[in-house]
Each structure stands twice: as structure tokens, then as C-alpha cells.
Amino acid sequence: MSDNPTKHTKVLIIGSGPAGYTAAVYAARAMLSPILVYGSAPGGQLTTTTDVENFPGFADVIQGPWLMDQMRDQAKAVGTEMIEDHISSVNLKSTPFEAVGDSGQKYTADSIIISTGAQARWLNLESEKKFRGFGVSACATCDGFFFKEKVVAVVGGGNAAVEEAMFLTKFASKVKLIHRRDELRAEKLLQKKLMENKKIEIIWDSAVDEVIGDGEPKNVTGIKVKNLKTNNVEEMKIDGLFIAIGHDPATALFKEQLDMDKEGYLITKPDSTETNIPGVYAAGDVKDKTFRQAVTAAGMGCMAALEAEKHLSS
């Protein structure tokens with residue numbers, strides 16, 4: 001356990017990424033001396049994204065990890081204290097709010113901004129890990145553009161998978177949708193659109209067994225697909241693989257204390273980042289399963305800091 005005295009702050013930001021770092025910039029500039037605690041993956045999902053072409057302000061392609069470094073350095077420069085620690089418990093039942101890190105360090109705060117993000121669910125294949133960021137992606141809106149006139153596959157059967165498949169037809173010459181069952185979970189209207197799209201082929205009752213590719217530079221060249229009814233394995237030539245089997249928001253820490261939906265996303269008031277506890281705010285993918293973009297996460301981080309400032313001054 002840590003012998004460090006309790007650290008108190010007006011604003012405790014839990015989690016980094018575009019939401020956390022932007023909240024830190026705004027809170028620090030409001031002279032609130034925020035503390036930002038980041039875990040083992042500082043910068044969040046963007047650090048696994050290579051080329052970023054849709055963040056406003058950059059005419060040339062930038063790198064996700066570089067963008068996160070810039071945001072972090074900016075937050076530091078304006079006066080954010082950054083601490084690497086994993087928050088393992090919080091008590092939001094009384095004020096000041098309390099949080100305890102794995103290090104044993106105790107934090108107390110007059111307001112908390114939660115920006116712990118979400119993680120894409122993966123198939124957890126060794127070969128998939130190897131090509132992540134090199135033809136294997138969990139975000140069609142981020143990476144679809146790189147597959148103009150190429151053949152791609154999408155894994156999944158829910159709304160997200162169907163939307164990603166449809167979106168990818170703007171670029172790809174052919175999209176194969178691979179689903180474990182013989183019917184989709186996606187809403188009927190979406191399914192109808194999907195079925196009508198000539199570029200999409202659905203491969204039922206199937207799962208990806210292995211991602212195939214070549215060495216340096218790393219490129220996906222195909223996949224092995226297993227039919228779950230016949231156990232037959234077939235090799236398919238593709239240039240890109242998109243995994244769309246859902247995301248898990250990092251909210252286990254807040255169960256029983258904050259309102260969340262059935263998938264575990266934090267619920268905030270309309271047009272606000274405030275949770276059901278005044279003084280506790282949520283920004284970015286931890287509360288947003290609709291847009292999931294760096295720019296929207298950053299926007300919410302800004303909102304959270306401004307709301308926290310207003311709350312503290314009242």
C-alpha cells in the first residue's frame with residue numbers, strides 16, 4: 001500500500017484519450033488544476049489506429065498515436081497533473097468523491113470526469129492480433145477509405161456489422177458479411193437495405209478461423225472461414241477484415257453507483273455529460289455508442305469540463 005497522503009483535486013479525470021485529454025485542457029485553463037489518472041493504455045483506442053484523416057485541422061494524414069501525444073502534451077502544458085495508476089474503486093455516495101488506485105494512492109475530488117472509453121471486441125485469434133492495424137480493423141468509418149476497389153469482409157450480425165458492411169460498399173468492390181448464425185440480429189429495415197445491395201454477399205453459419213497475410217510490409221491477403229454446420233474450412237481472398245461484434249465500455253468500476261444502459265454505457269442527461277450524480281460527468285465512448293469518433297469524444301470532454309467548472313462555481 002502507498003504511504004502517500006491523499007491527493008485532493010477539484011477535478012479528477014479518470015481515463016485519457018481525446019475525451020479525457022480535452023477535458024483536462026479545458027479544466028486546467030479554467031484554473032481548476034485537474035489530476036488526470038490514466039491506465040495501462042494511455043491515449044485509448046486511437047493509439048491502435050495508424051492513419052487519421054478525419055480529425056479537423058490537419059490537411060495531411062496524421063498518426064493516431066501522434067495525435068494523442070500532442071493532446072497529452074497540451075494538457076500537461078496548461079497545468080494538468082498526469083498520474084499513471086489504475087483506479088480500482090470509487091465511492092460516489094458522498095462528497096468529496098473518493099477513488100483508490102491499484103498503487104494504494106487515494107484521491108478525493110469535488111467533481112469527476114469519466115473518460116474510460118470502450119474496447120472493441122475482437123475474435124482473439126493470434127493471426128488477427130498480428131494484422132491489427134495492417135488490414136484488420138474494428139472501425140469502418142476510420143479505415144474504410146483505404147480499401148478502394150478492394151475486397152473486404154465484415155464479421156458480425158447486429159446493427160453495427162450491417163452498417164459497417166453498407167458503409168464499406170462506398171469504397172470496396174465487394175463486401176462479404178460473415179455471421180455465425182443463419183439470420184441477422186440487425187433491425188429489419190437495415191437488413192432489407194443490406195439484401196438489396198449488389199456488392200454485399202452474406203456468408204451464413206460461419207466464423208473466421210485464421211487471418212492470412214504476408215510479411216513486410218504486413219498485408220492481409222485472405223482468411224480461412226469455417227462453416228459451423230459442416231466444419232468445412234474454406235480459404236477466401238480478401239484485402240481487409242473488419243470486426244463488428246460490439247464494444248465493451250469500461251464501466252465495471254461504476255456499477256451500482258451510476259445509471260447505465262443494458263450494454264453498460266453510462267447514461268447522461270440530454271444535451272449534457274452529467275450522470276445521475278451531480279458533479280460526476282461522462283465523456284467519449286464510455287457513454288457514446290453511436291458516433292465513436294475522436295472529434296465527438298473531444299467535444300464531450302470539453303462539455304464535461306465546462307459543466308464541472310459551472311458546478312464547482314455554484
Side-chain angles (χ1 to χ4, degrees), residues 11-27 34-49 64 67-68 71-72 75 80 82-92 97 99-102 107 109 111-122 138-139 141-142 160 245-308 311:
V11 184
L12 175 65
I13 301 166
I14 305 175
S16 50
Y21 289 146
T22 306
V25 168
Y26 275 82
I35 289 177
L36 184 149
V37 178
Y38 61 93
S40 55
Q45 294 183 82
L46 259 195
T47 54
T48 61
T49 305
L67 181 61
M68 288 304 90
M71 284 194 191
R72 179 199 62 209
T80 304
M82 303 256 177
I83 299 172
E84 181 174 1
D85 194 359
H86 179 262
I87 300 293
S88 48
S89 69
V90 292
N91 179 6
L92 308 175
F97 305 117
V100 181
D102 278 350
Y107 307 86
S111 68
I112 290 183
I113 295 172
I114 299 163
S115 51
T116 46
Q119 276 137 353
R121 288 187 205 133
W122 297 96
C139 180
T141 27
C142 317
I245 53 176
H247 285 72
D248 294 309
T251 53
L253 193 55
F254 310 104
K255 287 220 161 73
E256 315 294 308
Q257 298 192 66
L258 293 177
D259 291 349
M260 32 186 105
D261 70 9
K262 60 181 192 301
E263 291 169 73
Y265 288 87
L266 295 178
I267 295 170
T268 57
K269 300 194 167 120
D271 295 323
S272 163
T273 63
E274 190 175 59
T275 63
N276 56 302
I277 297 180
V280 179
Y281 307 91
D285 284 14
V286 75
K287 66 136 281 168
D288 165 31
K289 55 183 170 189
T290 311
F291 304 107
R292 292 204 186 101
Q293 299 300 303
V295 66
T296 47
M300 279 182 263
C302 160
M303 288 164 64
L306 294 175
E307 288 187 286
H311 171 80

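Panel note: side chain Asp259, backbone Asn276; no donor-acceptor pair is recorded below 3.5 Å. Checking side-chain atoms of Thr80 against main-chain N and O of Met82 turns up no donor-acceptor pair under 3.5 Å.
Residues passing the side-chain hydrogen bond (donor to acceptor under 3.5 Å, both in side chains) test with His311: none are found, sequence neighbours excluded. Checked against side-chain hydrogen bond (donor to acceptor under 3.5 Å, both in side chains), Thr273 has the following partners two or more places apart in sequence or in another chain: Glu307. Here Lys269 pairs with Ser272, Glu274 under the side-chain contact (heavy atoms from CB on, under 4.5 Å) rule; sequence neighbours left out. Take Arg292 and apply the salt bridge (Lys or Arg N to Asp or Glu O under 4.0 Å) test, not counting sequence neighbours, and it matches no residue. For the side-chain hydrogen bond (donor to acceptor under 3.5 Å, both in side chains) test, residues two or more places apart in sequence or in another chain that qualify with Tyr107 are Asp85. Considering only residues two or more places apart in sequence or on other chains, Thr22 meets the side-chain contact (heavy atoms from CB on, under 4.5 Å) condition with Tyr26, Met71, Ala298, Cys302. For the side-chain contact (heavy atoms from CB on, under 4.5 Å) test, residues two or more places apart in sequence or in another chain that qualify with Cys139 are Ser137, Thr141, Cys142. Glu263 meets the side-chain contact (heavy atoms from CB on, under 4.5 Å) test with Asp261, Tyr265, Lys289; sequence neighbours excluded. A search for salt bridge (Lys or Arg N to Asp or Glu O under 4.0 Å) contacts involving Asp248 returns Arg121, not counting sequence neighbours.
Sorted by first and then second residue, the side chain to side chain donor-acceptor pair (under 3.5 Å) pairs involving residues 279-288 (not counting sequence neighbours) are Gln45-Asp285, Thr268-Lys287.
Residues Thr47 and Pro42 are not in side-chain contact: their nearest non-hydrogen atoms beyond the backbone lie 4.5 Å or more apart. In this structure the side chain of Ile13 reaches within 4.5 angstrom of the side chain of Ser115, judged on heavy atoms. Looking at Leu258 and Ile114, their side chains come closer than 4.5 Å, going by heavy atoms from C-beta outward. Put simply, the side chain of Gln257 reaches to within 4.5 Å of the side chain of Asn91, judged on heavy atoms. Between Leu36 and Tyr21, some side-chain heavy-atom pair lies under the 4.5 Å cut-off. Between Phe97 and Val280 there is a side-chain heavy-atom pair separated by less than 4.5 Å. Residues Thr275 and Phe254 are not in side-chain contact: their nearest non-hydrogen atoms beyond the backbone lie 4.5 Å or more apart.
When every heavy atom of Leu46 is checked against every heavy atom of Pro18, the shortest pair comes out as CD1-CG, 4.2 Å. Across Ala283 and Ala19, no two heavy atoms sit closer than the pair O-CB, 3.6 Å. In plain terms, the two heavy atoms of Gly44 and Ser16 that are nearest each other are N-OG, 4.3 Å. Between Thr251 and Met260 the shortest heavy-atom distance is O-CE, 3.5 Å. The two residues Val286 and Pro249 make their nearest non-hydrogen contact at O-CB, 4.2 Å.
Within the model, atoms CD1 of Ile14 and CD1 of Ile87 stand 5.0 Å from one another, a figure rounded to the nearest 0.5 Å.
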